[in-house]
Amino acid sequence: MALPPPPVRVTRPKPLPEPEPPLPQPKDATPAPPPPAGETYGTQVLFRNNRASASETAKREHKLLFVMHISGNFEDSCFT
């Protein structure tokens, strides 16, 4: 005679805590600065249009600055 299987213990997950509402901003708070000027050119890299702005950002974020100077006739593909 086979023994019945042991009982299965069912546990329910604890409910997730409610997210906290965002803190209200003071009325005299300055708005966030606009995103930096630049282009991505279809990549995930933001290429800055202004070398001075790029160098200030790199210094502030403790990053290296890579400067590229590209010249050519970009209107005609046979020259680039």
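The stretch residues 50-62 participates, sequence neighbours left out, in these salt bridge (charged side-chain N to carboxylate O under 4.0 Å, His left out) pairs: Glu61-Lys63. Within the structure, no pair that satisfies the ring-ring contact (aromatic ring centres under 6.0 Å, His included) test touches residues 51-73, not counting sequence neighbours.
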Table please: side-chain donor-acceptor pairs of residues 37-44 below 3.5 Å, with sequence neighbours left out.
{"unit_1": "Thr43", "atom_1": "OG1", "unit_2": "Thr40", "atom_2": "O", "d": "2.6"}
{"unit_1": "Thr43", "atom_1": "OG1", "unit_2": "Val45", "atom_2": "N", "d": "3.2"}
{"unit_1": "Thr43", "atom_1": "OG1", "unit_2": "Val45", "atom_2": "O", "d": "3.3"}

